[in-house]
Amino acid sequence: MEIARRRRSLCSSRRRRSAAVGRKVRELRRLVPGAAVMPTDRLLVRTADYIAQLRVRVELLRALSELCEGHGHGDSPS
């Protein structure tokens, strides 16, 4: 009796975990450009690439912002 209950509990937790992973994969497909119909393994690689690209863009925008701030406060010659 106890073994059957443990098996049901294990199957139930696996189903919950699988459903949670499925939701997260669907969310990634929605967020990552061009990933709507990719197999999951390629989706994960594409997601990692996309995060790296976003990081580079953020650094570029930060540098441009700092550059513009320097010119906006009277630092430019008259």
Single-linkage hydrophobic cluster, 4.5 Å side-chain cutoff, Ile51 and Leu31 together: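 Unlinked, Ile51 and Leu31 end up in two clusters.
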
Mind listing the closest non-hydrogen atom pair of Arg29 and Thr40 along with its distance?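 Shortest heavy-atom separation between Arg29 and Thr40 comes out as NH2-OG1, 3.4 Å.
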
Given side chains that start at C-beta, do those of Leu44 and Leu28 come closer than 4.5 Å, heavy atoms only?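 Yes, their side chains come closer than 4.5 Å.
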
Arg14, Arg16, Arg15 screened by side-chain hydrogen bond (donor to acceptor under 3.5 Å, both in side chains) with Ser12, the one that passes: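 Only match with Ser12 under side-chain hydrogen bond (donor to acceptor under 3.5 Å, both in side chains): Arg16.
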
Full working for salt bridge (charged side-chain N to carboxylate O under 4.0 Å, His left out) between Lys24 and Glu27: CA-CA 5 Å; Lys24 291 173 184 178; Glu27 184 69 11; over 6 Å; no

From Arg57 CZ over to Tyr50 OH, what is the distance, rounded to the nearest 0.5 angstrom?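 Rounded to the nearest 0.5 Å, the CZ-OH separation comes out at 6.5 Å.
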
Ion pair present between Glu59 and Arg62, side-chain N to carboxylate O less than 4.0 angstrom?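 Yes, Glu59 and Arg62 are salt-bridged.
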
